[in-house]
Number of protein chains: 2
Amino acid sequence: MKEIKTELFFGDCTKELKKLPDNSIDLIVTSPPYADQRKSTYGGIHPNKYVNWFMPISKELLRVLKPTGTFILNIKEKVVDGERSTYVMELVLEMRKQGWFWTEEFIWHKKNSFPGKWSNRFRDSWERLLQFNKAKQFNMYQDAVKVPIGDWAKSRLKNLSTTDKKRDNAKNGSGFGKNVSNWLGKDTVYPTNVLHLATECNNKNHSAAFPEELPEWFINLFTTEYDTVLDPFAGSGTTLFVAKRMARNSVGIEIVPEYYDMIKEKLEIESQYILFEERADYGKNKLTKSNSIR
Amino acid sequence: MKEIKTELFFGDCTKELKKLPDNSIDLIVTSPPYADQRKSTYGGIHPNKYVNWFMPISKELLRVLKPTGTFILNIKEKVVDGERSTYVMELVLEMRKQGWFWTEEFIWHKKNSFPGKWSNRFRDSWERLLQFNKAKQFNMYQDAVKVPIGDWAKSRLKNLSTTDKKRDNAKNGSGFGKNVSNWLGKDTVYPTNVLHLATECNNKNHSAAFPEELPEWFINLFTTEYDTVLDPFAGSGTTLFVAKRMARNSVGIEIVPEYYDMIKEKLEIESQYILFEERADYGKNKLTKSNSIR
DNA sequence: GTTCCGCATGAATCGATAG
DNA sequence: ACTATCGATTCATGCGGAA
């Protein structure tokens, strides 16, 4: 019976990250305050200073991440004086100098984007999900996020086209012909690098940066049970709660007292709930869950 | 009765662009050869040299564009040694130094992306549509691209994966079903900065870089009738033919003789067709169409 | 006229092999 | 060591002919 741990730190993440050991994190999923956004809570970082502000943090993240781990950065540049600001692009270039590999850029297509109308632009309905890695070889569990195949398959895949057969028969016998059996029973396919998710708009107490499906998808893709997930800008704690539910250890850091308290309280409630109700396990093993709040 | 002109130049666009007068173009829509792609036809530009290769071209484009005009650049970085290449980001930064404003980045979500499976990444199903402007005030005709609500819902429903449907139904009342009823009253809505289009891969004679809907959408959005559209990498001529059909003047440049000849021939055929058949007008005015091929 | 099915192919990427 | 070529993998679309 293994134990799932959910740790929460209070304070500035540049400092708090130093408390974490090297190579201890399997996945980082976070949505840092965007430049000049959420001024009321984070004070707002000027677009020109954003890269300099983030570099010490990404340096620590690079240190704590396992060589097989992945860093998913949810970010989008804001409009400054009618132009898209370039700090995200500069950030990527600087992080590569720091030693990060920029493996991929996923697109989060927000199904219900923020309403509004402007004379010179349409509603912004997508955000960047930048994937960084410490090494070229990293853990990826693709089967965990397979999706149902498109409707076309039902009618089309019944009889495999002769071209497809020919195509692979021409190649030395190790191609499609061999795999026909895989295709006939096929009902799921691998996804692409575009994610379709709605923004979460149910909770009014906090500004949830992303819906639960978002960390859930990446946790499925890049970790297995008992791995450790980190969110250095925990905010409302979405990443932590999802990780916990999925039987992953997690570490969160939050600098805003109100958010910190909210997460803490919710964690404590959940712990008691588990004690009294003997909640069903997420995975196949019996689990006990504990929170360590500092 | 105004006349629509379709001009076609043969040669290297850096040189040919010099023949165009200052401030004469309302919209540039183009898809240059991506780094190291299309080697067989365009020779291929190494990722490291891409920015230097493009700078003289973008300088000329800045010159010929009207202050109220817009430049739409379709591009995507390829993977180099397991990482996304950074030349597109560097390109944006350099073009801003050149005087361009980077107004917006649209996403082209390709419904049918190239197949394949790799251990470290999923299929790439999106491309960038970078919007650059010469001035902060530019022409934009948003009403021209409003989406009919019925068609939108229809195509949207058709394309929704079963997961999406399930997910939406699972949400208590804020899901798809409820929203559909809200749309019934309205007839059109403004789109967002994400475009859903399939690539055209069925044409046997040539490979068009993008589907007709792509230039069509931007021509509607950024020009009116009798405006002038430029594509310095005409390729199969999609932009030119769409512009012509929409009663916009257009200028194309193409360096590959086979492509140039193909466009030329198609333009001539269309002209004759118009003479004999008295084709229905695109817009409300009577039009004659002429091609000037050099 | 619809619907259905056969068919070709697309700005891809990785790893192994060859010069 | 470094680059060039080749084989293997895989999903969705629209056209055109057939039912």
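The chains referred to below are lettered A, B, ... by the order of the sequence lines, with proteins before strands, and numbering in each begins at 1.
When the P atom of D/dT13 is taken as reference, atom NE2 of B/H109 falls 10 Å away, rounded to whole Å. In this structure, CG of B/N48 is placed 14 Å from P of D/dC2, rounded to the nearest angstrom. Rounding to whole angstrom units, CG of residue B/L197 and C1' of C/dG10 are separated by 15 Å. Note: NZ (B/K111) to C1' (D/dT13) measures 9 Å, nearest angstrom. The nearest whole Å value for the distance from the CH2 atom in B/W108 to the C1' atom in C/dA12 is 14 Å. Straight-line distance from the CE atom of A/M140 to the C1' atom of C/dT13: 13 Å, rounded to whole Å. As a whole-Å value, the separation of B/F122 CZ from D/dA12 P is 13 Å. A straight line from CD1 of A/I149 to C1' of D/dA12 spans 9 Å, rounded to a whole angstrom.
In this structure, B/K134 forms no cation-pi arrangement with B/F101, as its terminal cationic atom is not both closer than 6.0 Å to the ring centre and no more than 45° off the ring axis. Judged by a 6.0 Å distance limit and a 45° cone about the ring axis, B/K76 is positioned over the six-membered ring of B/W126.
For B/E16, the salt bridge (Lys or Arg N to Asp or Glu O under 4.0 Å) partners at least two apart in sequence or on another chain are B/K19. Looking at residues two or more places apart in sequence or on another chain, you find a side chain to side chain contact (heavy atoms under 4.5 Å, CB included) between A/D143 and A/K146, A/Y190. Applying the salt bridge (Lys or Arg N to Asp or Glu O under 4.0 Å) rule to B/E83 yields the partners A/R96; only residues at least two apart in sequence or on another chain are considered. For B/R123, the salt bridge (Lys or Arg N to Asp or Glu O under 4.0 Å) criterion is met by no residue, not counting sequence neighbours.
Residue B/S113 is classed as a base contact, given a heavy-atom separation below 4.0 Å to a base. Among the protein residues, B/P32 comes within range of the nucleic acid bases, having at least one heavy atom under 4.0 Å from a base atom. Within the 4.0 angstrom heavy-atom criterion, only backbone atoms of the sugar-phosphate kind lie near B/R84; the bases stay farther away.
Ion pair B/R121/A/E104 flagged as a salt bridge, since at least one NZ, NE, NH1 or NH2 atom sits closer than 4.0 Å to an Asp/Glu carboxylate oxygen.
Between A/T70 and A/N133, the side chains place a donor N or O and an acceptor N or O closer than 3.5 Å (distance only, hydrogens not considered). B/S125 and B/S113 share no donor-acceptor pair across their side chains, judged by distance under 3.5 Å alone.
Nucleotides of DNA chain C nearest to B/N112 and B/D124 differ in position, and the one nearer the 5' end is that of B/N112. Comparing B/A198 and B/P115 by the nucleotide of DNA chain D that holds the closest heavy atom to each, the one mapping nearer the 5' end is B/P115.
Between C/dT13, C/dG10, D/dT13, one nucleotide has an atom nearer to the side chain of B/K78 than all others, and that is C/dT13.
Secondary structure note: stems in DNA chain D built from 3 or more consecutive Watson-Crick or G-U wobble pairs under 3.5 Å occupy C:2-10 with D:11-19, C:12-19 with D:2-9.
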Nucleotide N/O to protein N/O under 3.5 Å, stretch nucleotides 14-17 of chain C:
| unit_1 | atom_1 | unit_2 | atom_2 | d |
| --- | --- | --- | --- | --- |
| C/dC14 | OP1 | B/N120 | ND2 | 3.4 |
| C/dC14 | OP1 | B/R121 | NE | 3.0 |

